[in-house]
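One structure, as structure tokens, below. Some questions next.
Order of listing sets the numbers, starting from 1, for every ligand and every atom in it. Because only heavy atoms are used, hydrogens play no part in the values below, and waters and symmetry mates are left out as well, while side chains stay in. Bear in mind the structure is a predicted one, so any value in this text is a computation, not a measurement.
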Amino acid sequence: MADDNRRPLPEGLRPETLAIRTGLARSQHGEHSEGLFLTTAYVQSDAETSARKFANSEDFTYSRTSNPTVRSLEARMAALEGTEAAIATSTGMSAILLLAMGLLKSGDHVICSRSVFGSTINLFVKEFGKFGVETSFVSQTDLAEWRAALKPTTRLLFAETPTNPLTDICDIRALADIAHGAGALLAVDNTYSTPALQRPAEMGADIIMHSATKYMDGQGRVMAGALCGPNKLIRDIFGPVLRTVGMTLAPFNAWVVLKGLETLSLRMKAQSEQALAVARWLEAQPEVDRVYYPGLASHPQHDLAMRQQGGQGGAVLSFDLKADTPEAARAAAFHVIDSTRVISIATNLGDTKTIITHPATTSHGRLTEAQRQAAGIGQGLIRLAVGLEHVDDITDDLLRGLSTLTTR
Ligand SMILES: *Cc1c(COP(=O)(O)O)cnc(C)c1O
């Protein structure tokens, strides 16, 4: 798609520019802002043209198949991830559904990090388990476990980095080598870092998956998802599945995310800097036992994270409160959460508004206590998705609870 009908963009533009300038196929009106095409069908000039367009799925015929606003978003996402193509979906989970439907059949085997998003685990185990797809779960950080899990039927390795809530990092390049050595593909969920910080395709990943609901929208307004990758996967495999199955992104949501992408780089850098400041501040608080944040030198994979994530830690951090028993830890965590007056108590991330979450009773609430212990998610753990309020207002808000803890 030409980015301007008469002046194609020059080669070699930088990501900040791509996020603003790609995917702009202007209509005859020459609108400056991205057009929002709320239409289900497209009028054809005659039956011959209609027949030709229906034979070529690249043309606009019906919005389950393609829509100009959605197409703009796909072009912009592909440009940012540095892949040939992208396909947008209604949510992040429907992007993983599309990935699995496109690549897997009964008898296939998937290797997945144990620490990925909870619904991702359910999708592979509960939904695709029904159809005879087997999934092995391995350590986020121990490459030997990934290698040992390989089988002749392994088709896909699936990773997410950093993880929620403990910010464990996996080595994307090493996982790509393991996958390719076994004739499998590597898919990376890049929701947390976004291409503003981390471009998995440059490290050998075959497919990059997004919940654009998070930082790509960036202001908590719409649900959206995407897969980015080469034409031979996106256009030839995932496109036909999406057209049949219909996990299509709504044009309005695509338009909101398009506008969000224009400020993605600024937001990711600013929110990462704020998160680093909050993480350092938390490390100095006597009530805090440990802070999990890739930007801190104390993070066990700090060097790998900085290499992979463009020198930034991202906007999500977690911290553990000091306590003698799980009950005391939970009471302390609830006290800190309930003492906030600015930060939102919610279970989401990727917003300009800072969000505080108690993983053990929300995102990881359905695990058994033993599973939570194994995952390192204690009752005293608090996750913070740092937004764009003044950083001193965020730390002041946390101090309200920390300074009045009875264990102090
Ligand atoms: C939110 C999220 C998803 C799922 O995306 P939805 O848009 O909520 O469907 C997948 N992976 C990660 C890492 C997420 O944070």
Worksheet item: If we ignore angles and hydrogens, is there a donor and acceptor under 3.5 Å between the side chains of Tyr215 and Asn190?
Response: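 No - no donor-acceptor pair under 3.5 Å links their side chains.
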
Are there any N/O pairs under 3.5 Å between ligand 1 and the protein, and if so, what are their distances?
unit_1: ligand 1; atom_1: 5 (O); unit_2: Ser211; atom_2: OG; d: 3.0
unit_1: ligand 1; atom_1: 7 (O); unit_2: Gly92; atom_2: N; d: 2.9
unit_1: ligand 1; atom_1: 7 (O); unit_2: Ser211; atom_2: OG; d: 2.8
unit_1: ligand 1; atom_1: 7 (O); unit_2: Thr213; atom_2: OG1; d: 2.6
unit_1: ligand 1; atom_1: 9 (O); unit_2: Gly92; atom_2: N; d: 3.1
unit_1: ligand 1; atom_1: 9 (O); unit_2: Met93; atom_2: N; d: 2.9
unit_1: ligand 1; atom_1: 11 (N); unit_2: Asp189; atom_2: OD2; d: 2.6
unit_1: ligand 1; atom_1: 15 (O); unit_2: Lys214; atom_2: NZ; d: 2.7

Practice prompt. Please check if any side-chain donor atom of Arg21 sits under 3.5 Å from a side-chain acceptor atom of Thr17, or the reverse.
Written response: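 No pair is found: no donor N or O on one side chain lies under 3.5 Å from an acceptor on the other.
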
Worksheet entry | Side chain proximity check, Thr83 to Pro230, heavy atoms < 4.5 angstrom |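 The answer is no; the side chains never approach within 4.5 Å.
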
Practice prompt. Assess the pair His358 and Phe334: is the distance between their ring centroids shorter than 6.0 Å?
Written response: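 Yes.
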
Item to complete: Go through the structure and list residues passing salt bridge (charged side-chain N to carboxylate O under 4.0 Å, His left out) with Glu262, not counting sequence neighbours.
Response: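 So Glu262 forms a salt bridge (charged side-chain N to carboxylate O under 4.0 Å, His left out) with Arg76, Lys259.
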
Discussion item. With a 4.5 Å cut-off on side-chain heavy atoms, are Val278 and Tyr293 touching?
Written reply: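 Tyr293 vs Val278: side chains apart.
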
